[in-house]
Amino acid sequence: MPSNLVQPFLESNMLQLIFLAVISGIAAGRIGRYSDMVKSLFETFNELFLKITMFIIKFMPIAVFCSICSMILSMGVETILSVLSMLGTFLVGLLCMIMIYCTILGIAGRVNPLYFLRSYAPTMLQVFSMGSSNAAIPVNMQACDKMGVAKKIYCLSLPLGATLNMDGSCVYMAVFTLALAKTYGVQITGSAITAMIISIIVLSMGAPGIPGSGLICLSMLLTQVGVPVEAVGLVMGIDAFIGMFRTMSNCTGDVAVSILVARLEKMLDMDKFRYAEKSA
C-alpha cells in the first residue's frame with residue numbers, strides 16, 4: 001500500500017500503482033451520478049495514451065535498426081550469444097505452452113489435438129506475421145467458424161482473450177526479466193519472485209494487444225525488480241521478432257479455449273471440426 005498518491009508514480013512501483021487503480025475503480029463505481037464523468041475521463045486518457053503509444057510504435061523500426069547496429073558494434077560476441085540464449089529459452093517456453101493447450105484439449109475437451117494444430121496452422125502463420133492480438137481477431141474468428149465453433153462462443157471468447165489472455169507475454173516477461181537480472185548481477189529473492197509473478201500476470205492482462213506493448217511492460221517490470229531500465233536495450237533489437245511469437249502463442253490459446261468451451265457446452269460441430277483438418 002502506498003503512503004501517498006504521488007510516490008508510486010515517481011518510483012514506477014507497479015504493485016502500488018495497480019493497488020491504486022483497483023481502489024480507484026471500486027470507488028468510481030460508488031460515487032453515484034459522477035461515476036459516468038469519471039469513467040469518461042479515464043477512457044479519454046486511455047485513448048490518448050494508446051494514441052501516443054501508436055505514434056511511438058511507428059518509429060520503432062528505426063529504433064530497432066539502430067539498436068541492432070549498436071548491439072553488433074558495441075557488444076562482444078558473448079553478449080550477443082547471451083541474447084540469443086534468452087530467445088531460445090523463450091521459444092522453448094512457448095512450445096511448452098502450446099503442448100499444454102493440446103493436453104487440455106485432449107483431456108478436458110476430448111478432441112484430437114492434432115486436428116486442432118493442423119486446422120489452425122495456416123491461421124497461425126497469418127497471426128505470426130501480424131504481431132498484434134487485436135488485429136488477429138477477425139482472422140481467428142474465421143478459423144473458429146471453419147472449425148465448427150458456434151458464433152455465440154467465439155464472438156465472446158476471442159475479443160476477451162485478446163485482452164486478457166497474454167500467456168506469451170507472461171513467458172516473455174518472466175524469461176527476459178530473470179535473464180537480464182542475472183546479466184546485471186541483480187539478486188532476486190523469493191519474495192521478489194512472488195511479487196514479480198503477480199506483476200507479470202496483472203501486466204499481461206492489462207497490456208494492449210498491439211505491437212511493442214510487451215517491451216513497455218518489460219521496462220516497468222525491470223524497474224520493479226531493480227534492474228536498470230537501460231537493460232531493455234539488449235532486447236529492443238529483437239523485440240519485433242519476439243512479438244510475432246508472442247502473438248502466435250496468445251492467439252493459439254484464444255482459439256484453443258474457444259474450442260474447449262464450445263465442446264463443453266455442446267456447441268462444437270465435430271463433423272465440421274474434422275473436415276477443417278482435412279481441408280487444411
Side-chain angles (χ1 to χ4, degrees), residues 50-51 53-54 57-58 60-61 90-91 93-102 104-105 109 111-172 204-217 239-265 267-280:
L50 283 179
K51 184 64 66 174
T53 303
M54 291 302 298
I57 289 173
K58 288 182 179 180
M60 282 294 291
F90 167 70
L91 295 179
L94 293 189
L95 180 61
C96 292
M97 287 301 307
I98 294 176
M99 291 176 63
I100 291 173
Y101 297 146
C102 293
I104 293 174
L105 283 176
V111 297
N112 191 338
L114 293 179
Y115 287 170
F116 163 67
L117 290 177
R118 291 172 183 171
S119 302
Y120 188 63
T123 308
M124 195 181 294
L125 293 176
Q126 283 184 275
V127 300
F128 175 82
S129 62
M130 290 178 178
S132 170
S133 298
N134 289 347
I137 290 177
V139 177
N140 286 329
M141 285 184 173
Q142 292 178 0
C144 284
D145 185 70
K146 181 181 178 182
M147 287 186 282
V149 179
K151 186 177 181 180
K152 182 179 180 180
I153 297 293
Y154 67 73
C155 280
L156 173 63
S157 62
L158 292 180
L160 186 65
T163 304
L164 299 179
N165 178 40
M166 297 289 181
D167 44 19
S169 298
C170 288
V171 175
Y172 164 74
S204 64
M205 292 173 63
I210 58 176
S213 61
L215 195 64
I216 299 172
C217 293
D239 183 72
F241 182 64
I242 293 174
M244 296 179 180
F245 283 101
R246 287 200 305 264
T247 302
M248 183 180 68
S249 176
N250 295 339
C251 292
T252 302
D254 297 342
V255 175
V257 169
S258 299
I259 293 173
L260 176 62
V261 173
R263 177 65 168 168
L264 296 177
E265 295 295 324
M267 300 178 71
L268 178 66
D269 188 337
M270 291 304 299
D271 293 333
K272 198 173 181 180
F273 181 74
R274 296 189 183 96
Y275 177 77
E277 184 270 335
K278 293 177 182 179
S279 61

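Excluded from the calculations below are hydrogen atoms, water molecules and symmetry mates; all remaining heavy atoms, backbone and side chain alike, are included.
Inter-residue side-chain proximity for Met97 and Cys102 is flagged as unmet; no heavy-atom pair is nearer than 4.5 Å. A 4.5 Å side-chain heavy-atom check between Arg263 and Val111 finds at least one atom pair inside the cut-off. Using a 4.5 Å cut-off on side-chain heavy atoms (C-beta onward), Leu94 and Ile98 make no contact.
Rounding to the nearest 0.5 angstrom, the gap separating the OH atom in Tyr115 from the CG atom in Leu105 is 14.0 Å. Rounded to the nearest 0.5 angstrom, Cys96 SG and Leu91 CG are separated by 11.0 Å. To the nearest 0.5 Å, atoms CE (Met166) and OG1 (Thr247) are separated by 8.0 Å. Put simply, CE on Met147 and CG on Leu268 are 9.0 Å apart, with the number rounded to the nearest 0.5 Å. Distance check, rounded to the nearest 0.5 Å: CD of Gln142 to CD of Gln126 gives 7.5 Å.
Contact detail for Cys144 and Leu158: the closest heavy-atom pair is SG-CD1, 4.0 Å. When all heavy atoms of Ala143 and Thr123 are compared, the pair lying nearest together is CB-OG1, 3.6 Å. Contact record, Pro122 with Ser119: CD-O, 3.5 Å, taken as the closest heavy-atom pair. Nearest approach of Cys155 to Met141, heavy atoms of both residues: CA-CE, 4.1 Å. Minimum heavy-atom separation, Leu114 to Asn112: N-OD1, 3.0 Å.
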Which pairs would a plain distance check flag for residues 248-262, meaning a side-chain donor or acceptor within less than 3.5 Å of a matching protein atom at least two apart in sequence or in another chain?
residue: Asn250; atom: OD1; partner: Asp167; partner atom: N; Å: 3.3
residue: Asn250; atom: OD1; partner: Gly168; partner atom: N; Å: 2.8
residue: Asn250; atom: ND2; partner: Arg246; partner atom: O; Å: 3.2
residue: Thr252; atom: OG1; partner: Met248; partner atom: O; Å: 2.6
residue: Asp254; atom: OD1; partner: Asn165; partner atom: ND2; Å: 2.7
residue: Ser258; atom: OG; partner: Ser157; partner atom: OG; Å: 2.5
residue: Ser258; atom: OG; partner: Asp254; partner atom: O; Å: 2.8

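Looking at residues two or more places apart in sequence or on another chain, you find a ring pair (Phe, Tyr, Trp, His ring centres under 6.0 Å) between Phe128 and Phe245.
A donor-acceptor contact under 3.5 angstrom links the side chains of Tyr120 and Asn140, judged on distance only.
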